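No experiment lies behind these values; they were computed from the predicted model shown. Every chain is numbered from 1, with letters handed out A, B, ... down the list of sequences.
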Amino acid sequence: MNIQKTIEQAVKNAVAKTYDVQIQQVEFQPTRKDFEGDITLVTFPMLRQVKTNPVQLGQRIGEFLVENVAEVKKFNVVQGFLNLVLSDSFYLNSFNETKNKKDFGKLSFSDNSKTIMVEYSSPNTNKPLHLGHVRNNLLGYSVAEILKAAGNKIYKTQIINDRGIHICKSMLAWVRFGDGETPESTGLKGDKLVGNYYVKFDQEYKKQISELIAQGKTEEEAKAEAPIIKEAQQMLLKWEAQDPEVIALWEKMNQWVYSGFEETYNNLGVDFDKNYYESDTYLLGKDVIAQGIERGVFYKKEDGSVWIDLTDEGLDEKIVLRSDGTAVYMTQDIGTAIQRVKDFDIDGMVYTVGNEQDYHFKVLFLILNKLGFNWANYLVHLSYGMVDLPSGKMKSREGTVVDADELMEQMTLTAKTISEELGKLDEYSEEEKAELHKMIGLGALKYYILKVDPKKRILFNPEESVDFQGNTGPFIQYTYARIQSILRKADFDYSEESTIPESYQLHEKEKELIKQILLYPEMIQLAAENHSPALIANYTYDLVREFNSFYQNVTILGTDNEAEKKFRVQLSKIVGEVIKSAFGLLGIQVPERM
RNA sequence: GGUCGCGUAGCUCAGUUGGAUAGAGCACCUGCCUUCUAAGCAGGCGGUCCCAGGUUCGAAUCCUGGCGCGAUCACCA
């Protein structure tokens, strides 16, 4: 069925017959552009078992394949490389098969599918989302879509960090300096309003620290004794004691933040099946720790704190419960993981969290493993590099962040400017134009971020705007729009089977396009295995580059051969479908015109 | 200091399990809009794949040792 498998078997037969040797591995690679051929057999590895020279071996196998495998039309041997030329009819047949497939490239849920929960975003509720969150969101959403396309059942989730001292800081500053401000009264997005007070707290805190230092305190003392920080700590205690007033304030301000986040998520085009809130889960895990002590996984120190010894694994000792019995981050994550498996009967989880937490997740997975959960083997930390600015790390408190909403706004504006310069959309209404500008602006942003290998860090320079030409989202969207234009202009029925004759000689560009299309299914699998949207992005770019070359070198509607015309329209249509499908996996929409 | 990650063209990035002369985009230079959308196409310029050893028929890729950048090593999250 798979052509490579067919050839592989034939190669084994050829070697067995000619040299009486059974070979195990047959190595293929795509033929380099500078040589004639579609698929190349590398003969060097076989020379260990077969005693001959590479050229002769290639020659013998080549002759055998041409004789015995219908799809192999001819061959040439360059050094130890056997380049095989496949017949056009093979490509035409493959093309016709994919043409009729519904969700070409995607697998549906089956017996060997897994149910996986993908966690991403997971923000703090004390400040707005910034570019770092944008990368996280885009990655998490896209990986979820890719895993789904690879045949898995997916739940998207986030854990919202809605409690703790940082939230109390915003709350306190609002009480102190807020003068009753609300999103309604100021016209500010809720998350922005609350974020302002987080900054305000920090300013006040710093002021008090320097005052105390001026009075003769050490920096450490000043940091601990500043009245405002003590007050925030008091507030946290009250929160934990369920003080009605504090709880009411907390609920009110969190609500502001949530509606702000919702707007950002909507604009970004990401969604979640289930939200977990830290205020619900932060106590989870304690029972598990207690059981773990009995089973000897954890041990208690004299002061009452509980630890796990991971020195055998080359790691350190790690605390899992404080001496006062309260939970730490790790306690909570253990509890939450177990809770999720209970809630959704999942086989595994993907945590989209920055690489600064590599160590944490290594430890978490190890602990869950030692606790004996078999699903612990299916936990993945989707670790990605930080997004830095030329000036260094982004810091919310110091205001050196690229705000998510502003960034999207900016991208949309750039798209608008370019679009208006080109002026191709005169028949569009203002509303349609606005929608398109957003689609293109976000396409540029998303592609820009997703095309980079997740584990690499991104240096984002706000001064140099994201490109709209070359290897970019808009270039790919543009190609899609071009294809749709052709389909609109094709005033004949191209839906049925292509009637291209067996003898048809495929144009080189047509053949390259079909080759690239046929790669799509395995690319989805590869991207799923590697949790890498970048593979999809780069694949799509290659496809689109190939199509544009075809488009500009081969006439599609201009040919007077009807069968050829129909075939080329169908080919264009499939390319469009693959672009749309692949971009869907990246969370990027495609336009009918642009 | 220990651990983990990264280092490829001026810049941003690709490079499958080790394979042929290391590829794209941006920028710069040449051509191409009376013909399917020029956000495009065709071409040019541009490389010590961080350095040094090693493994092998063959290394950007694997191993060892350096150098540089980043992260992490809290009873923070």
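At the heavy-atom level, A:Glu592 lies under 4.0 Å from base atoms of the strands shown. Among the protein residues, A:Val353 comes within range of no part of the nucleic acid, since none of its heavy atoms lies under 4.0 Å from any strand. Among the heavy atoms of the strands lying under 4.0 Å from A:Met594 is at least one base atom, whether or not backbone atoms are also near. Residue contacts shown for A:Ser549 are limited to sugar-phosphate atoms, with no base heavy atom under 4.0 Å away. Heavy atoms of A:Asp333 sit nowhere under 4.0 angstrom from any nucleic acid atom. Residue A:Pro54 is classed as having no contact, given no heavy-atom separation below 4.0 Å to the nucleic acid. Contact annotation for A:Phe475: backbone-only contact, meaning every heavy-atom pair under 4.0 Å involves sugar-phosphate atoms and none involves a base. As judged by a 4.0 angstrom heavy-atom cut-off over every strand, A:Ile486 is placed among residues touching the sugar-phosphate backbone only. Nucleic acid contact for A:Asn161: sugar-phosphate only, since backbone atoms but no base atoms lie under 4.0 Å from a heavy atom of the residue. As judged by a 4.0 angstrom heavy-atom cut-off over every strand, A:Thr555 is placed among the base-contacting residues. Residue-level contact check: A:Arg48 touches the bases, meaning some heavy atom is under 4.0 Å from a base atom. When heavy atoms are screened at a 4.0 angstrom cut-off, A:Glu278 is found touching the sugar-phosphate backbone but no base atom. Counting any heavy atom pair closer than 4.0 Å across all strands shown, A:Gln25 reaches no nucleic acid atom. Residue A:Thr40 is classed as a base contact, given a heavy-atom separation below 4.0 Å to a base.
Computed from coordinates, the A:His360 NE2 to B:U72 P distance equals 14 Å when rounded to whole Å. Atom pair A:Leu459:CG and B:C69:P shows a separation of 15 Å (rounding to whole Å applied). Between A:Tyr329 atom OH and B:C73 atom P there is a gap of 12 Å when expressed in whole angstrom units. Between the CD atom of A:Glu27 and the C1' atom of B:G18 there is a distance of 8 Å, given to the nearest Å. Remark: C1' of B:A14 and NZ of A:Lys451 are 10 Å apart, rounded to the nearest angstrom. With rounding to whole Å, A:Phe81 atom CZ is found 15 Å from B:C57 atom P. Taking atom CZ on A:Phe492 and atom P on B:C36, their separation rounds to 16 Å, with Å as the unit. If you take CG of A:Asp388 and C1' of B:U12, they are 15 Å apart, rounded to a whole angstrom.
Comparing B:G15 with B:U8, their P atoms are spaced 14 Å from each other, to the whole Å. When the P atom is used for both B:A20 and B:A60, the distance is 9 Å, rounded to whole Å. Atom C1' of B:G58 sits at a distance of 33 Å from the matching atom of B:G43, rounded to the whole Å.
Put simply, A:Arg32 has a side-chain N or O that comes within less than 4.0 Å of OP1 or OP2 on B:G23. When the side-chain nitrogen and oxygen atoms of A:Arg457 are compared with OP1 and OP2 of B:G70, none of them lie within a distance under 4.0 Å. Remark: A:Lys489 is in phosphate contact with B:U37, judged by side-chain N or O atoms under 4.0 Å from OP1 or OP2. In terms of phosphate contacts, A:Tyr478 brings a side-chain nitrogen or oxygen within less than 4.0 Å of OP1 or OP2 of B:A39.
Out of B:U37, B:U21, B:C57, the shortest distance to the side chain of A:Ala481 is found at B:U37. Among the nucleotides B:U37, B:A42, B:U72, the one closest to any side-chain atom of A:Asn553 is B:A42. Side-chain proximity of A:Val452 to B:G23, B:U37, B:A14: nearest is B:A14. Side-chain atoms of A:Asp34 lie closest to B:U21 of the nucleotides B:U21, B:A39, B:C76. In this structure, the nucleotide among B:U16, B:A71, B:A39 sitting nearest to the side chain of A:Glu356 is B:A71. Closest to the side chain of A:Phe468, from the set B:U37, B:A20, B:A39, is B:A39. The nucleotide whose nearest atom lies closest to any side-chain atom of A:Val78 is, among B:C13, B:U37, B:A20, B:A20. Across B:G19, B:A39, B:A77, the shortest atom-to-atom separation from the side chain of A:Arg322 is found for B:A77. Listed candidates were B:C41, B:C36, B:A77. Nearest to the side chain of A:Ile556 is B:C36.
Ionic pairing of A:Lys318 and A:Asp309 is not present here: no N-O contact between side-chain nitrogen and carboxylate oxygen is shorter than 4.0 angstrom.
The aromatic ring centres of A:Tyr329 and A:His360 sit less than 6.0 Å apart. Taking the six-membered ring for Trp, A:Trp239 and A:Tyr282 have ring centres closer than 6.0 Å. Within the 6.0 Å centre-distance limit, the rings of A:Phe44 and A:Phe81 are counted as a close aromatic pair. Aromatic pair A:Phe475/A:Tyr478: centroids not less than 6.0 angstrom apart.
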Test side-chain hydrogen bond (donor to acceptor under 3.5 Å, both in side chains) on A:Ser549 and A:Lys509 and set out the steps. CA-CA 7 Å; A:Ser549 181; A:Lys509 304 282 181 192; 2.8 Å; yes

Before giving the answer on salt bridge (Lys or Arg N to Asp or Glu O under 4.0 Å), spell out for A:Glu421 and A:Lys416 the whole-Å C-alpha distance, their side-chain angles and the decisive distance to 0.1 Å. CA-CA 9 Å; A:Glu421 273 170 19; A:Lys416 185 181 178 188; over 6 Å; no

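By the ring-ring contact (aromatic ring centres under 6.0 Å, His included) test, A:His130 is found to be paired with A:His133, residues two or more places apart in sequence or in another chain being considered.
Note: A:Ile289 CD1 to A:Phe298 CZ = 4.0 Å, rounded to the nearest 0.5 Å.
A cation-pi geometry, defined here as NZ or CZ lying under 6.0 Å from the six-membered ring centre and within 45° of its normal, does not hold between A:Arg135 and A:Tyr384.
With both pairing distances under 3.5 Å, B:C26 is matched to B:G10 as a Watson-Crick or G-U wobble pair. Pairing for B:G65 is with B:C51, a Watson-Crick or G-U wobble pair whose two hydrogen-bonding atom distances lie under 3.5 Å. Pairing for B:G40 goes to B:C32, judged as Watson-Crick or G-U wobble with the two contacts each under 3.5 Å. In this structure, B:U72 forms a base pair with B:G2, meeting either the Watson-Crick or the G-U wobble geometry with both donor-acceptor distances under 3.5 Å. Applying the Watson-Crick and G-U wobble criteria (two distances, each under 3.5 Å), B:U17 pairs with nothing in any strand.
Checked by distance alone, A:Asn83 brings a side-chain donor or acceptor within 3.5 Å of a matching partner on the base of B:A20.
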If you restrict it to nitrogen or oxygen atoms, what contacts under 3.5 Å exist between nucleotides 24-31 of chain B and the protein, and what is each distance?
from	atom 1	to	atom 2	distance (Å)
B:A24	O2'	A:Tyr541	OH	2.8
B:G25	O2'	A:Asn471	N	3.2

Distances under 3.5 Å only, N/O to N/O: pair up the protein atoms with those of nucleotides 2-11 of chain B.
from	atom 1	to	atom 2	distance (Å)
B:G7	OP1	A:Lys456	NZ	3.3

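For the side chain to side chain contact (heavy atoms under 4.5 Å, CB included) criterion with A:Ser142, the lone passing option out of A:Leu139, A:Ile146, A:Leu138 is A:Ile146.
Using bins of under 30°, 30° to 60° and over 60° for the plane-to-plane angle, the ring pair A:Tyr205/A:Phe201 lands in the tilted bin.
In B:C49 the base sits anti relative to the sugar, since the glycosidic angle is further than 90° from 0.
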